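Here is the structure we will look at.
Remember, predicted model here, so these are calculated numbers, not experimental data.
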Amino acid sequence: TWGTEMGVNWRDSPALTLAANGGYLNARYKDFAFSGSTVLLPFDLSGQQMPKAPKWQASLSAALGQPISSGLNLAGNVLAAYPSNVLFKYSAVPGIVPNAAQPSYWLVNGRIGVKPPDDRLGFHLVADNLFDKQYYVGADAGSFGNLLGYGQRRVVRGEMAIRF
């Protein structure tokens with residue numbers, strides 16, 4: 001297994017910071033085979049992608065912190081994250097039931113609110129999974145099909161923070 005990551009942060013102005021991050025992961029079995037026994041079926045996963053290891057990951061973000069009065073700041077951020085396709089588990093019945101996997105997708109979260117300059121109090125409107133993307137956070141491969149664990153659907157909420 002080997003990979004690389006890179007990130008760039010750019011402060012466009014005192015109020016706005018932009019960021020981009022990316023990563024590549026080459027996670028493949030070099031030599032992973034079993035000829036079988038009376039209990040286990042034979043398999044050969046040599047050269048195949050390892051489970052739970054997306055080849056590509058990326059994120060883009062923007063953070064805003066802008067005074068709107070002498071005692072109040074507008075604060076917000078947006079984060080978009082991308083994992084390429086993920087294999088969760090190899091099929092329990094190869095050739096009949098597909099592998100338990102997740103195709104690539106983008107997930108966007110955002111928040112906007114106000115807070116005083118000392119950052120001790122804050123009121124925010126937060127949206128997780130802003131575009132209500134259906135995605136999986138895990139899966140299991142069964143003999144009759146795959147069991148998929150769904151990720152969080154869109155949640156919009158208000159937040160109040162008090163820091164001591």
Side-chain angles (χ1 to χ4, degrees), residues 1-13 16-65 75-113 122 124-159 161:
T1 300
W2 61 272
T4 185
E5 293 181 15
M6 181 177 164
V8 175
N9 290 317
W10 178 43
R11 185 147 194 163
D12 182 55
S13 68
L16 181 64
T17 301
L18 305 173
N21 297 285
Y24 172 80
L25 178 63
N26 182 359
R28 297 196 169 277
Y29 291 114
K30 185 175 181 182
D31 182 15
F32 188 38
F34 179 66
S35 59
S37 70
T38 57
V39 179
L40 298 174
L41 294 174
F43 65 85
D44 185 359
L45 298 177
S46 301
Q48 299 295 313
Q49 179 182 356
M50 290 180 175
K52 301 178 185 173
K55 185 180 270 191
W56 295 98
Q57 293 189 61
S59 69
L60 302 170
S61 67
L64 174 69
N77 61 48
V78 175
L79 171 65
Y82 167 87
S84 64
N85 61 313
V86 176
L87 169 70
F88 290 113
K89 200 166 195 180
Y90 285 99
S91 174
V93 188
I96 299 171
V97 176
N99 292 332
Q102 164 70 57
S104 60
Y105 63 96
W106 280 94
L107 193 63
V108 179
N109 299 328
R111 67 187 295 124
I112 187 81
H124 292 89
L125 179 63
V126 181
D128 296 323
N129 193 358
L130 184 64
F131 299 111
D132 202 23
K133 177 68 182 170
Q134 181 177 306
Y135 66 101
Y136 310 117
V137 293
D140 197 7
S143 299
F144 299 105
N146 297 325
L147 304 170
L148 304 169
Y150 287 92
Q152 179 177 295
R153 299 298 302 259
R154 177 178 35 223
V155 174
V156 178
R157 65 185 187 278
E159 242 179 39

- May I ask you to test the Asn77-Ser61 pair for a side-chain heavy-atom distance under 4.5 Å? no
- Item | Spacing of Lys89 atom NZ and Asn99 atom CG [to the nearest 0.5 Å] | 11.5 Å
- Query: Roughly how far, to the nearest 0.5 Å, is the CG atom of Leu64 from the CD1 atom of Ile112?
  - Reply: 6.0 Å
- Message: Quick check: closest heavy atoms across Val86 and Ala53, and the distance to 0.1 Å?
- Response: CG1-N, 4.4 Å
- Phe131 versus Tyr105: any side-chain heavy-atom pair under 4.5 Å? no
- Query: Is the backbone of Leu148 close enough, under 3.5 Å, to the side chain of Asn146 for a donor and an acceptor to pair up by distance?
  - Reply: no
- Would you name the heavy atoms of Gly151 and Val137 that are closest together and state the gap between them? CA-CG1, 3.7 Å
- Report the distance from atom CG of Asn26 to atom OG1 of Thr1, rounding to the nearest 0.5 Å. 7.5 Å
- Verify the ring-centre separation between Phe43 and Phe32: is it less than 6.0 angstrom? yes
- Polar side-chain atom of Asn21 near backbone of Ala58 as donor-acceptor pair, under 3.5 Å: no
- Closest heavy-atom contact between Gln49 and Leu87? O-CD2, 3.6 Å
- Query: Of all heavy-atom pairs between Leu16 and Ala62, which one has the smallest distance, and what is that distance?
  - Reply: CD1-CB, 4.4 Å
- Query: Counting distance only, does the side-chain N/O of Tyr135 pair as donor-acceptor with the main-chain N or O of Gln152 below 3.5 Å?
  - Reply: yes
- Message: Strictly distance-based, threshold 3.5 Å: is any side-chain N or O of Asn129 a donor or acceptor partner for the main-chain N or O of Lys133?
- Response: yes
- Are any of the side-chain heavy atoms of Leu125 and Arg111 separated by less than 4.5 Å? no
- Message: Going by the rule salt bridge (charged side-chain N to carboxylate O under 4.0 Å, His left out), which residues pair with Asp128 if we only count those two or more places apart in sequence or in a different chain?
- Response: Arg157
- Task: Mark yes or no for whether Arg28, through its side chain, and Gly47, through its backbone, hold a donor-acceptor pair below 3.5 Å.
- Result: yes
- Query: How far apart are the C-alpha atoms of Tyr150 and Tyr136, what are their side-chain angles, what is the distance that settles it, and do they pass the ring-ring contact (aromatic ring centres under 6.0 Å, His included) test?
  - Reply: CA-CA 4 Å; Tyr150 287 92; Tyr136 310 117; 5.1 Å; yes
- Is any side-chain heavy atom of Pro51 closer than 4.5 Å to a side-chain heavy atom of Tyr90? yes
- Item | Interatomic distance, Leu25 atom CG to Trp2 atom CH2 [nearest 0.5 angstrom] | 9.0 Å
- Can you label the angle between the Tyr82 ring and the Trp106 ring as parallel, tilted or perpendicular, going by 30° and 60°? tilted
- Message: Test of understanding: with salt bridge (charged side-chain N to carboxylate O under 4.0 Å, His left out), list the residues that count as partners of Asp132, not counting sequence neighbours.
- Response: Arg153
- In Å, rounded to the nearest 0.5 Å, how long is the span from CG of Asp12 to OG1 of Thr17? 8.5 Å
- Is the backbone of Lys55 close enough, under 3.5 Å, to the side chain of Ser84 for a donor and an acceptor to pair up by distance? yes
- Which heavy-atom pair separates Ser35 from Pro42 by the least distance, and what is that distance? O-CB, 3.3 Å
- Counting only N and O atoms by type, is there a donor-acceptor contact under 3.5 Å from the side chain of Arg154 to the main-chain atoms of Leu130? yes
- Nearest 0.5 Å, what's the OG-CG distance between Ser59 and Leu107? 11.5 Å
- Looking only at heavy atoms, the pair that brings Ser46 and Lys30 closest together is CB-O, 3.7 Å
